[in-house]
Undergrad: 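Before I ask anything, here is the structure I am working with.
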Amino acid sequence: MGLMLYNTLTRTNEPFEPIVPGKVGMYCCGPTVYNYAHIGNLRTYVFEDLLRRSLEALGYDVRHVMNVTDVGHLTDDADEGEDKMEKSAREMKRSVWDIAAYFTEAFFDDTRKLNVIPPTIVCRATDHIPQMIDLIKRLEQRGYTYVAGGNVYFDISRFDEYGRLALLDRQELKAGARIEVDRNKRNPHDFVLWFTRGKFEHQSMMWDSPWGRGYPGWHLECSAMSLHYLGEQFDIHCGGVDHIPVHHTNEIAQSEAATGRKWVNYWVHAEFLLMDSDKMSKSAGGFVTLGTLEDEGYEPLDYRYFCLGGHYRTQLQFSFESLNAARNARRNLNDRVVALQATLGGQPAPAADWDGPYAKAFLRHISDDLNVSRGVAELWGVVKDGELEARDKLAQIAAMDTVLGLRLLEQAMAAVQVDADVERLIEERGRARAGRDFARADRIRDMLGEQGIVLEDGPDGTKWKKVSRRV
RNA sequence: GGCGCCGUACCCAAGUGGUAAGGGGGAGGUCUGCAAAACCUUUAUUCACCGGUUCGAUUCCGGUCGGCGCCUCCA
């Protein structure tokens with residue numbers, strides 16, 4: 001069954017056809033490492049992970065490239081703003097390099113906790129300055145640049161297709177609506193490819209270039225690195241919707257001007273997470289991180305499950321009430337999968353089976369522009385099915401979870417690891433109950449409860465299971 | 001001002017030109033020393049509002065009201 005993907009370039013759902021059969025080149029805009037990622041940022045990375053896992057489930061060999069922006073990102077783009085890295089470094093009294101290393105690590109800690117598969121290649125902007133300089137040279141040779149006030153600019157008037165992705169030609173742009181127009185620019189939408197020294201004081205990350213010592217413009221790195229790692233044409237480029245009008249628009253201009261050909265086939269954008277009917281903003285401060293959630297007693301995968309509840313192209317309303325619902329749902333799900341695994345009596349979890357009816361339906365929904373909430377409904381369907389054998393259920397669950405990434409089987413296997421001491425205590429409690437020594441029986445149950453072992457007395461005797469800690 | 005998106009039960013959230021997935025929460029029941037769990041049942045005659053097209057619209061079109069995003073920091 002073919003994958004349909006919504007392509008921002010055409011604003012329609014299109015059948016996905018890779019350039020090379022069976023292989024997918026995918027570039028995702030990564031974090032700017034001057035602060036922790038907030039959960040809104042993280043939603044996008046969970047979405048990208050979902051896309052990657054879906055492609056793999058459909059049999060594609062995915063080359064997933066993600067950048068880490070560790071330089072040259074201004075608080076505004078008007079040649080006036082402060083460099084975010086420098087600002088953060090000053091505030092934390094550390095070097096920009098330390099800041100970058102620290103927050104890069106923090107970012108990957110978060111994504112690992114969210115069970116996001118690491119990209120095939122992670123590339124740092126500062127490791128690819130030569131590629132960026134080469135790209136500017138190519139643009140210069142083809143006549144797409146001009147130098148003004150010490151900076152090298154991209155001249156959008158030379159690129160006819162400029163703004164197609166964002167439908168900019170259909171907009172009456174209010175240039176300078178929010179910031180001062182850079183007087184060096186011939187067109188308000190021209191953007192800087194290379195900044196030279198002297199623009200800002202105390203700029204510590206600088207490199208030599210044909211245009212003077214300085215540093216690259218923000219958009220340049222994504223073009224330079226994606227061209228470097230994925231070639232002059234590749235399949236998918238992802239990012240948040242906020243990147244459509246400027247960042248991705250400029251990336252397209254740079255890349256296609258340099259190569260003279262179409263660059264990316266499918267542009268796929270994730271919508272925002274909203275906080276109190278407002279988008280969550282990193283720069284505005286007061287944002288919620290994964291650490292905040294953990295401090296509140298949530299597990300990272302609760303947040304992943306929460307993200308899976310909505311479609312990636314619709315704004316998702318965050319609230320602790322909703323996150324609670326997600327946590328409860330995931331606990332129920334985990335408990336049920338543990339119960340299924342327990343019936344296998346210590347045998348390993350069955351291998352993923354995509355041929356079952358639920359798994360098939362799941363894949364059909366996922367293929368429909370990643371309709372994951374519908375997919376999750378199929379997961380519940382198989383879990384609650386009254387006819388299927390536990391083994392069949394688990395095999396289909398295993399298949400679906402390769403896409404959902406909820407670690408369902410791993411947790412189930414861990415939970416059913418029988419601890420001899422626990423078994424012994426249960427037997428002891430059984431004897432106490434038989435002797436109607438309920439005080440002693442309850443004491444044992446409480447003790448086990450503290451270890452996350454829950455007992456359930458039923459007609460067939462006492463069952464027990466390990467559950468996630470109830471906070 | 002321009003461009004784009006959205007408005008579904010108590011909450012989150014899918015979806016379709018032919019009569020509303022799923023989860024959470026709530027309610028009732030079975031079971032039980034108690035509890036928990038499990039299981040069963042139940043929870044939108046209705047999809048912001050008003051018109052239009054249609055045999056039929058929540059789904060298409062127009063308008064109104066409300067919300068959100070973008071228009072050079074943002075995932």
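First the proteins, then the strands, lettered A, B, ... as listed; each starts at 1. Only a predicted model underlies this, so the values are computations on that prediction, with no experimental measurement involved. Below, all heavy atoms of this structure are taken into account, side chains as well, without hydrogens, waters or symmetry copies.
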Undergrad: Using distance alone, with no hydrogens and no angle criterion, decide if A/Y146 and A/D190 have a side-chain donor and acceptor under 3.5 Å apart.
TA: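 The criterion, which ignores hydrogens and geometry beyond distance, is satisfied for A/D190 and A/Y146.
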Undergrad: Can you check whether A/N328 has a side-chain N or O nearer than 4.0 Å to OP1 or OP2 of B/G25?
TA: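 Indeed, a polar side-chain atom of A/N328 lies that close.
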Undergrad: List the steps and the verdict of side chain to side chain contact (heavy atoms under 4.5 Å, CB included) for A/F320 and A/Y298.
TA: CA-CA 10 Å; A/F320 281 98; A/Y298 298 92; 3.7 Å; yes
Undergrad: Whole angstroms only, please: what is the OH-P distance between A/Y34 and B/A75?
TA: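 It is 6 Å, rounded to the nearest whole Å.
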Undergrad: If you restrict it to nitrogen or oxygen atoms, what contacts under 3.5 Å exist between nucleotides 39-42 of chain B and the protein, and what is each distance?
TA:
unit_1, atom_1, unit_2, atom_2, d
B/C39, OP1, A/R336, NH1, 2.7
B/C39, OP1, A/R336, NH2, 3.2
B/C39, OP2, A/R336, NH2, 3.0

Undergrad: If you only use heavy atoms from C-beta on, which nucleotide in B/A75, B/G33, B/G24 is closest to the side chain of A/R436?
TA: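 Out of B/A75, B/G33, B/G24, the nucleotide with an atom closest to A/R436's side chain is B/G33.
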Undergrad: In whole angstrom, give the distance that lies between atom CZ of A/F306 and atom C1' of B/A13.
TA: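 From A/F306 CZ to B/A13 C1': 10 Å.
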Undergrad: Rounding to an integer number of angstrom, what distance separates B/C11 and B/C5 when you compare their C1' atoms?
TA: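 B/C11 and B/C5 have their C1' atoms separated by 23 Å.
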Undergrad: Ignoring hydrogens and geometry, is there a side-chain-to-backbone donor-acceptor pair from A/Q396 to A/Y358 under 3.5 Å?
TA: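 Between the backbone of A/Y358 and the side chain of A/Q396 there is a qualifying donor-acceptor contact (under 3.5 Å).
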Undergrad: Measure CG/A/L316 against C1'/B/C6 and give the value in whole Å, please.
TA: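 Atom-to-atom, A/L316 to B/C6, this comes out as 13 Å.
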Undergrad: Looking only at atom P, what distance separates B/A37 and B/A27, rounded to whole Å?
TA: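 Straight-line distance between the two P atoms is 13 Å.
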Undergrad: A/E299 and side-chain hydrogen bond (donor to acceptor under 3.5 Å, both in side chains): which single residue from A/R331, A/R330, A/R327 fits?
TA: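 Exactly one option meets the side-chain hydrogen bond (donor to acceptor under 3.5 Å, both in side chains) with A/E299, and it is A/R330.
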Undergrad: With rounding to the closest Å, how many angstrom separate the P atoms on B/U53 and B/C61?
TA: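 The same atom, P, in both gives a distance of 16 Å.
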Undergrad: Can you identify which nucleotide, out of B/A21, B/C34, B/A75, has its nearest atom closest to the A/S373 side chain?
TA: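 For A/S373, the side-chain atoms sit closest to B/A21.
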Undergrad: What's the CG-P distance between A/L333 and B/A37, to the nearest Å?
TA: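 Interatomic distance, CG of A/L333 to P of B/A37: 16 Å.
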Undergrad: Judged by atom type as modelled, is there a donor-acceptor pair below 3.5 Å linking the side chain of A/S322 to the main-chain atoms of A/F318?
TA: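 Here the side-chain-to-backbone pair does not exist.
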Undergrad: So does A/R407 get a backbone contact from the side chain of A/D401, meaning a donor-acceptor N/O pair under 3.5 Å?
TA: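 Yes, A/D401 side chain to A/R407 backbone: donor-acceptor pair under 3.5 Å.
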Undergrad: Expressed in whole Å, how much space separates the P atoms belonging to B/G7 and B/U58?
TA: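 Result for the P pair: 15 Å, nearest Å.
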Undergrad: Would you measure the distance from the C1' atom in B/C40 across to the matching atom in B/C31 and give it in whole Å?
TA: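 Those two atoms are separated by 12 Å.
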Undergrad: Starting the side chain at C-beta, find the nucleotide from B/C70, B/G22, B/G33 nearest to A/D442.
TA: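 The listed nucleotide nearest to A/D442's side chain is B/G33.
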Undergrad: Checking contacts here: which listed nucleotide (B/A21, B/A14, B/G23) is nearest the side-chain heavy atoms of A/A329?
TA: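 For the A/A329 side chain, the nearest candidate turns out to be B/G23.
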Undergrad: Under the criteria of a ring-centre distance below 5.5 Å and an interplanar angle below 30°, is A/F272 stacked with the base of B/G69?
TA: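 Base of B/G69: not stacked against A/F272.
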Undergrad: Closest approach of A/R313 and A/N13, non-hydrogen atoms and distance?
TA: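 Looks like NH2-OD1, 3.8 Å.
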Undergrad: Pick the closest RNA chain B nucleotide for A/T44 and for A/A441 by heavy atoms, then say which residue is nearer the 5' end.
TA: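 That would be A/A441.
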Undergrad: A/F438 has a side chain; which of B/G69, B/A13, B/G33 sits nearest to it?
TA: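 Closest nucleotide to the A/F438 side chain: B/G33.
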Undergrad: Can you tell me which stems RNA chain B forms when a stem means 3 or more consecutive Watson-Crick or G-U pairs under 3.5 Å?
TA: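 Expected stems, ordered by start: B:1-7 with B:65-71, B:10-12 with B:22-24, B:25-30 with B:38-43, B:48-52 with B:60-64.
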Undergrad: Using the rule given for side chain to side chain contact (heavy atoms under 4.5 Å, CB included), can you reason through A/M66 versus A/T111, listing the C-alpha separation, both sets of side-chain angles and the distance that settles it, and then say yes or no?
TA: CA-CA 13 Å; A/M66 187 179 79; A/T111 53; over 6 Å; no
Undergrad: Could you give the CG-to-P distance, from A/L274 to B/G7, as a whole number of Å?
TA: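 So the CG-P distance, A/L274 to B/G7, works out to 13 Å.
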Undergrad: Using a 3.5 Å distance criterion without hydrogens, assess whether the side chain of A/R304 forms a donor-acceptor pair with backbone atoms of A/G405.
TA: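 At least one qualifying donor-acceptor pair exists.
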Undergrad: To the nearest 0.5 Å, how far apart are NE2 in A/H269 and OH in A/Y6?
TA: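 Going from NE2 on A/H269 over to OH on A/Y6, the span is 10.5 Å.
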Undergrad: Classify the nucleic acid contact of A/T314 as base, sugar-phosphate or nothing, counting any heavy atom under 4.0 Å across all strands shown.
TA: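 Sugar-phosphate, no base atom in range.
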Undergrad: Taking it one step at a time, do A/Y34 and A/F103 satisfy side chain to side chain contact (heavy atoms under 4.5 Å, CB included)?
TA: CA-CA 6 Å; A/Y34 66 97; A/F103 287 115; 5.5 Å; no
Undergrad: Sequence neighbours left out, what passes salt bridge (charged side-chain N to carboxylate O under 4.0 Å, His left out) with A/R374? Give chain and number order.
TA: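 A/R374 satisfies salt bridge (charged side-chain N to carboxylate O under 4.0 Å, His left out) with no residue once adjacent residues are dropped.
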Undergrad: Base, sugar-phosphate, or nothing for A/R43, non-hydrogen atoms under 4.0 angstrom?
TA: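 Since no nucleic acid heavy atom lies under 4.0 Å of A/R43, the category is nothing.
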Undergrad: Using OP1 and OP2 only, check whether a side-chain N or O of A/N371 sits under 4.0 Å from B/G15.
TA: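 So the side chain of A/N371 is within the cut-off, an N or O lying under 4.0 Å from OP1 or OP2 of B/G15.
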Undergrad: Under 4.0 angstrom, heavy atoms only, what part of the nucleic acid is A/H269 near: base, sugar-phosphate, or nothing?
TA: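 Since no nucleic acid heavy atom lies under 4.0 Å of A/H269, the category is nothing.
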Undergrad: Out of B/A75, B/A21, B/A13, which nucleotide sits closest to the side chain of A/A377?
TA: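 Taking heavy atoms from C-beta onward, the closest nucleotide is B/A21.
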Undergrad: Would you kindly compare A/G240 and A/A325 by the position of their nearest RNA chain B nucleotide and give the one closer to the 5′ end?
TA: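 Result: A/A325.
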Undergrad: Between A/E321 (CD) and B/G25 (C1'), how many Å, whole number?
TA: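 Checked: the CD to C1' distance equals 8 Å.
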Undergrad: Can you tell me how far C1' of B/A75 sits from CG of A/L290, to the nearest Å?
TA: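 Atom CG in A/L290 sits about 15 Å away from atom C1' in B/A75.
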Undergrad: How far, in whole Å, is B/G25 from B/A44 if one measures between their C1' atoms?
TA: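 Their C1' atoms lie roughly 16 Å apart.
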Undergrad: Roughly, in whole Å, what's the span from CD1 in A/I244 to P in B/G69?
TA: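 Going from CD1 in A/I244 over to P in B/G69 covers 15 Å.
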Undergrad: For a quick check of understanding: with a heavy-atom distance under 4.0 Å over all strands, which category does A/H247 fall into, base, sugar-phosphate or nothing?
TA: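 Counting heavy atoms under 4.0 Å across all strands, no contact is made by A/H247.
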Undergrad: In whole Å, what separates the C1' atom of B/U19 from that of B/G23?
TA: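 Pairwise C1' distance, B/U19 against B/G23, rounds to 24 Å.
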Undergrad: Determine the Euclidean distance between corresponding C1' atoms of B/U8 and B/U45; express it in Å to zero decimal places.
TA: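 The same atom, C1', in both gives a distance of 15 Å.
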Undergrad: Closest to the A/S322 side chain: B/C11, B/A75, B/A14?
TA: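 Among the listed nucleotides, the one closest to the side chain of A/S322 is B/C11.
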Undergrad: State whether the distance check finds a donor on one side and an acceptor on the other, under 3.5 Å, for side chain A/R445 versus base B/A35.
TA: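 Such a pair exists between side chain and base.
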